[in-house]
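Notes follow once the structure below has been shown.
What's counted below: heavy atoms across the whole structure, side chains too, no hydrogens, waters or symmetry copies. In this text the structure is predicted, and so the values were computed from the model without any measurement. Below, chain A is the first sequence line, B the second, and so on; all start at residue 1.
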Amino acid sequence: MPELPEVEIVKRSLNQKISKSRILNIKIHNKRLRYKLTNSFIQDLVGEKIIKISRKSKYLIFYFSKKILLVHFGMTGKFLIKKSSNKKIFKTSFYYDLNIIPKHNHIYFQLSNGLVLIYNDIRRFGFLKTYNSKKLRNIAFLKKLGLEPFDKNFNENYFSNYIVGKKKNIKNLLMDQTFVSGLGNIYVNEALFLSKVKPTRECASLKKHEIRELIKNIKKILKIAISKGGSSIKNFQGTSGESGKFQQFFYVYGLKNKKCSRLWCKGEIKKIFICNRSSFYCSKCQK
DNA sequence: TTCTTTGTTCCGGA
DNA sequence: GTCCGGAACAAAGA
């Protein structure tokens, strides 16, 4: 499930491979994504030149001269980039070694640089939406987002003020995109472990040093994940079909009943559900 | 058939 | 009115 690091990696890859190219044609195999593609989707984009691709939280933003394409991957959305000269591009066998199922290729963008951009999404919880304005502040999805984790204003002061009187647990707070935007279930679990904070802790009970640790470790875990090419769990793949390596570095996610990786701890990783989301933590060293 | 998975939204209770 | 947790929703695979 793409969280901030995965979307960042896709953004970099797209900028490298397809920015400055023009969309020559679009072929839609399935309109029914999270939100049904509009009837004008093709005419909105054909002929437009991709100026650059940027990221905000878990969203990708394609910039054209006067328009924007907003993309959210949901659970299983991904982009693949292939050479358009390859005639097998629509054939199942072409995708075998990429661990991609071509029946979930929903949109093909033919580009002027000889490449094809493919949107693939197994669950179809992702979406693509065009806007006839470049003003991001008019986009409802974006304007409700809180600070990015790497924003200098995402600091102890902001955190402390935000949690005054808050009774919700820290895990739900970190998942709340209006508080900090870009974290999902995996990285929240990992950041809480690194900070030795139990996911069920009430926000208002957090000590100053714990808040400092959380802020530090959120930034740290995201940077590491980006440097490893993202996490490959649940289908994350780069635009060439390659998997990320970060899953080899999980401390708690998916590690139910394993020993805590802190050698001095000797604790065991527990799995519980918080708001119907699986949460993993060490029952001994996370207080 | 049932369970699991996610981000987001909605609803009811406090 | 506000806050919070739980449920619902989208779809598909095991």
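- For the atom pair OG of A:Ser54 and CG of A:Leu136, the computed distance is 7.0 Å after rounding to the nearest 0.5 Å.
- Per the geometry, CG belonging to A:Asn30 stands 13 Å off C1' belonging to C:dA10, to the nearest Å.
- In this model, the phosphate group of C:dT2 is not approached by any side-chain N or O of A:Lys168 to a distance below 4.0 Å at OP1 or OP2.
- For A:His104, a side-chain nitrogen or oxygen approaches OP1 or OP2 of C:dG13 to under 4.0 Å.
- Rounded to an integer number of Å, the gap from A:Met75 CE to C:dA11 C1' is 9 Å.
- Nearest to the side chain of A:Lys144, among C:dA10, B:dT5, B:dT9, sits B:dT9.
- If you measure from atom NZ of A:Lys31 to atom P of C:dA11, you get 16 Å, rounded to the nearest angstrom.
- Judged purely by atom type and a 3.5 angstrom limit, A:Ser13 has no side-chain atom pairing as donor or acceptor with the backbone of A:Ile9.
- Going from atom CG of A:Leu4 over to atom P of B:dT6 covers 17 Å, rounded to whole Å.
- Among the protein residues, A:Asp121 comes within range of no part of the nucleic acid, since none of its heavy atoms lies under 4.0 Å from any strand.
- Taking atom NZ on A:Lys36 and atom C1' on C:dA11, their separation rounds to 17 Å, with Å as the unit.
- With B:dT6, C:dG13, B:dG7 as the candidates, the nucleotide lying closest to the side chain of A:Lys58 is B:dG7.
- Between the A:Asn189 side chain and the A:Ser279 main chain, no donor and acceptor come within less than 3.5 Å of each other.
- For A:His72 and B:dT8, the shortest distance from a side-chain N or O to OP1 or OP2 is below 4.0 Å.
- The backbone N or O of A:Ala191 lies less than 3.5 Å from a partner atom in the side chain of A:Ser195, making a donor-acceptor pair.
- With rounding to the nearest 0.5 Å, the separation of NZ in A:Lys56 from CG in A:Leu145 is 5.5 Å.
- Taken residue by residue, residues 171-184 of chain A places heavy atoms nearer than 4.0 Å to DNA chain B at A:Met175, A:Gln177, A:Gly184.
- Per the geometry, CZ belonging to A:Arg124 stands 16 Å off C1' belonging to B:dT5, to the nearest Å.
- Ring pair A:Phe179/A:Tyr158 is parallel by interplanar angle, where below 30° counts as parallel and above 60° as perpendicular.
- Between A:Asn276 and the phosphate of C:dG6, there is no side-chain N or O to OP1/OP2 separation shorter than 4.0 Å.
- In this structure, A:Leu255 and A:Phe280 have side chains that are not in contact, with every pair of non-hydrogen atoms separated by 4.5 Å or more.
- Considering A:Lys58, A:Arg55, A:Lys219 as possible partners of A:Glu148, the one that fulfils the salt bridge (Lys or Arg N to Asp or Glu O under 4.0 Å) test is A:Arg55.
- A tilted orientation is assigned to the rings of A:Tyr119 and A:His106, their planes being inclined by 30° to 60°.
- Between A:Pro199 and A:Ile170, the shortest heavy-atom contact is O-CG2, 3.4 Å.
- Contact annotation for A:Tyr59: backbone-only contact, meaning every heavy-atom pair under 4.0 Å involves sugar-phosphate atoms and none involves a base.
- Shown here for A:Glu3 and A:Gly184, the closest heavy-atom pair between the two residues is OE1-N, 2.6 Å.
- Rotation axes derived from the C1' atoms of the five outermost pairs at either end of the helix from B:dT2-C:dA14 to B:dA14-C:dT2 lie 50° apart, to the nearest 10°.
- Closest approach to the A:Arg123 side chain among C:dG13, C:dG6, C:dC4 is made by C:dG13 (side chain taken as heavy atoms from C-beta onward).
- Using a 4.0 Å cut-off, some side-chain N or O of A:Asn169 falls inside it from OP1 or OP2 of C:dG5.
- Residue contacts for A:Phe273: at a heavy-atom cut-off of 4.0 Å it reaches the sugar-phosphate backbone alone, with no base atom in range.
- B:dG7 atom C1' lies 8 Å from atom CZ of A:Arg34, rounded to whole Å.
- For B:dT5, neither phosphate oxygen OP1 nor OP2 lies less than 4.0 angstrom from any side-chain nitrogen or oxygen of A:Tyr253.
- In this structure, A:Tyr35 atom OH and C:dA10 atom P are separated by 12 Å, rounded to whole Å.
- The A:Arg277 side chain lies nearest to B:dT8 when the options are B:dT8, C:dA12, B:dT5.
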